[in-house]
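Chain letters run A, B, ... following the sequence lines, proteins first, then strands; residues in each count from 1.
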Protein chains: 2
Amino acid sequence: MALEHAILVSLAEKSASGYDLARRFDASIGHFWKASHQQIYKVLGRMESDKWVEAHLVEQSGRPDKKVYAITGEGRDELMRWSSTPTPIEAYRSEFAVKLRGLNFGDRDAVLSDVRTRRAAHVTQLAYYEASAAKHYPDPSTVADDELGAYLVLRGGFIQEQSGIAWCDEILQAFGAAER
Amino acid sequence: MALEHAILVSLAEKSASGYDLARRFDASIGHFWKASHQQIYKVLGRMESDKWVEAHLVEQSGRPDKKVYAITGEGRDELMRWSSTPTPIEAYRSEFAVKLRGLNFGDRDAVLSDVRTRRAAHVTQLAYYEASAAKHYPDPSTVADDELGAYLVLRGGFIQEQSGIAWCDEILQAFGAAER
DNA sequence: AATGCCATGTAACCAGTTACATGATTGC
DNA sequence: GCAATCATGTAACTGGTTACATGGCATT
């Protein structure tokens, strides 16, 4: 399971409360690993028992107190251990592909409008990655060494969205050709 | 959930036993939706209660008897209903991306060899899709209408693998550049 | 007065994985 | 004799989702 490790990576970058983590999992890290706050709290509890993280209470005025979690030495060890084990190749799982495959038994127009929606979502996400890259890595040829990982992940997202758009376009073209 | 619908699509193409379905989910359909035989039997049971499929026992000699499932009218209705509802856009979830992101706290060489492994897997899969396309759709400009869905799914897999390779190559290049 | 942010959780449920179980036939 | 294929399941567990719960402060 990788949520533990995603949290460890996030905490290794900067200590945070469960709430903070939940917001990070809505944004940057969330682009390739989603997690709800409920699940984050649950996993943080387990990680604390495992001594991978430790919490200290931060009292605040005007807003609720919070528990700020920091990665421990053991947490860093675990991160290193995990990093050096091969990552299992995750299976694709696309409900949309199932729908396409069942085109003969389904509603062609609905699938068509589905493709358009998906294409638009890919375009939006691509623009986001593009803006993000322009902001953080204006010169891709000289990315700082400690930013390389984050940069490459961004590139991965970018490529993913590009190919998503390319697929949608092929589908739209095939549908268009069939209707004429 | 889409396993029900993946099974419905598969049974709409051709009636099958749970065992047959499990094999289909190892091959063609399995490229975008995996399922174990245990889970298939479980879901088939539920689908039978829901009247989406019906089973009849086929006695065999020399091998165990089997229950062959066929899609019902209600099953086809459900397939049509599902087809015409928008497909939720599934979140990416990549353990490998998490690992890349945590490169600063991990083992660079291990990640490097991981990339190489993944690239090789993408190449193998791409070759499979290529061979499959050459065999079933020798002339892509004239794909029969009832094969369009399956063809486009294959194209999606192809594009996916291609972009996976492109990402791996970018990572390898970045790593190489950093080491020189 | 209502909405949204900050902050942390519990409980019930669901989909999917892993381990275990059985038993006959066919091919090496 | 051993492994693979055919064929169908049960049981325990895990990861994740959805619904529910609480409560103060700041903004509109």
Quiz item: Under 3.5 Å, is there a donor-acceptor pair linking the side chains of B:D20 and B:S17?
Solution: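 Looking only at side-chain atoms, B:S17 and B:D20 do form a donor-acceptor pair, the distance falling under 3.5 Å.
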> Under 3.5 Å, is there a donor-acceptor pair linking the side chains of A:Y151 and B:E170?
Replying inline: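 Distance-only check fails for A:Y151 and B:E170.
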Close side-chain approach of B:F25 and B:H37, heavy atoms under 4.5 Å:
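They are not in side-chain contact.
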For the pair made of [atom1] in [X] and [atom2] in [N], what is the distance, rounded to whole Å?
X     : N      : atom1 : atom2 : value
A:K66 : D:dG24 : NZ    : C1'   : 16 Å
B:E90 : D:dG16 : CD    : P     : 17 Å
A:D20 : C:dC6  : CG    : P     : 9 Å
B:E59 : C:dT25 : CD    : C1'   : 17 Å
A:L3  : D:dG16 : CG    : C1'   : 9 Å
B:D26 : D:dA4  : CG    : C1'   : 15 Å
A:R93 : C:dT17 : CZ    : P     : 5 Å
A:W33 : D:dG16 : CH2   : C1'   : 11 Å

Note to self: Nearest heavy atom decides the nucleotide; on that basis, is A:P64 or B:K42 closer to the 5' end of DNA chain C?
What the structure shows: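 It is A:P64, whose closest nucleotide lies nearer the 5' terminus.
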I'd like to know if B:Y137 and B:V153 are part of one continuous hydrophobic network [Ile/Leu/Val/Met/Phe/Trp/Tyr, side-chain heavy atoms within less than 4.5 Å].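 Shared cluster, yes.
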Query raised in the report: With hydrophobic residues grouped by side-chain heavy-atom distances under 4.5 Å, do A:V58 and A:L44 end up in a single group?
Result: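 A:V58 and A:L44: separate clusters.
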Under 4.0 Å from OP1 or OP2 of [N]: is there any side-chain N or O of [X] that close?
X     : N      : result
A:S17 : C:dT8  : yes
A:R23 : C:dC6  : yes
B:Y19 : D:dC6  : yes
B:R63 : C:dG23 : no

Reckon A:Q38 touches a base, only the sugar-phosphate, or nothing at all at heavy-atom distances under 4.0 Å?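 Base contact.
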> Heavy atoms under 4.0 Å, any strand shown: does A:K67 hit a base, just sugar-phosphate, or nothing?
Replying inline: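 Sugar-phosphate only.
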Between B:H37 and A:A2, which is nearer to the 5' end of DNA chain D once each is assigned its nearest nucleotide?
->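 Counting from the 5' end, the first nearest nucleotide belongs to B:H37.
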Which one, D:dT17, C:dT18, D:dC6, comes nearest to the side chain of B:Q60?
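Shortest atom-to-atom distance from the side chain points to D:dC6.
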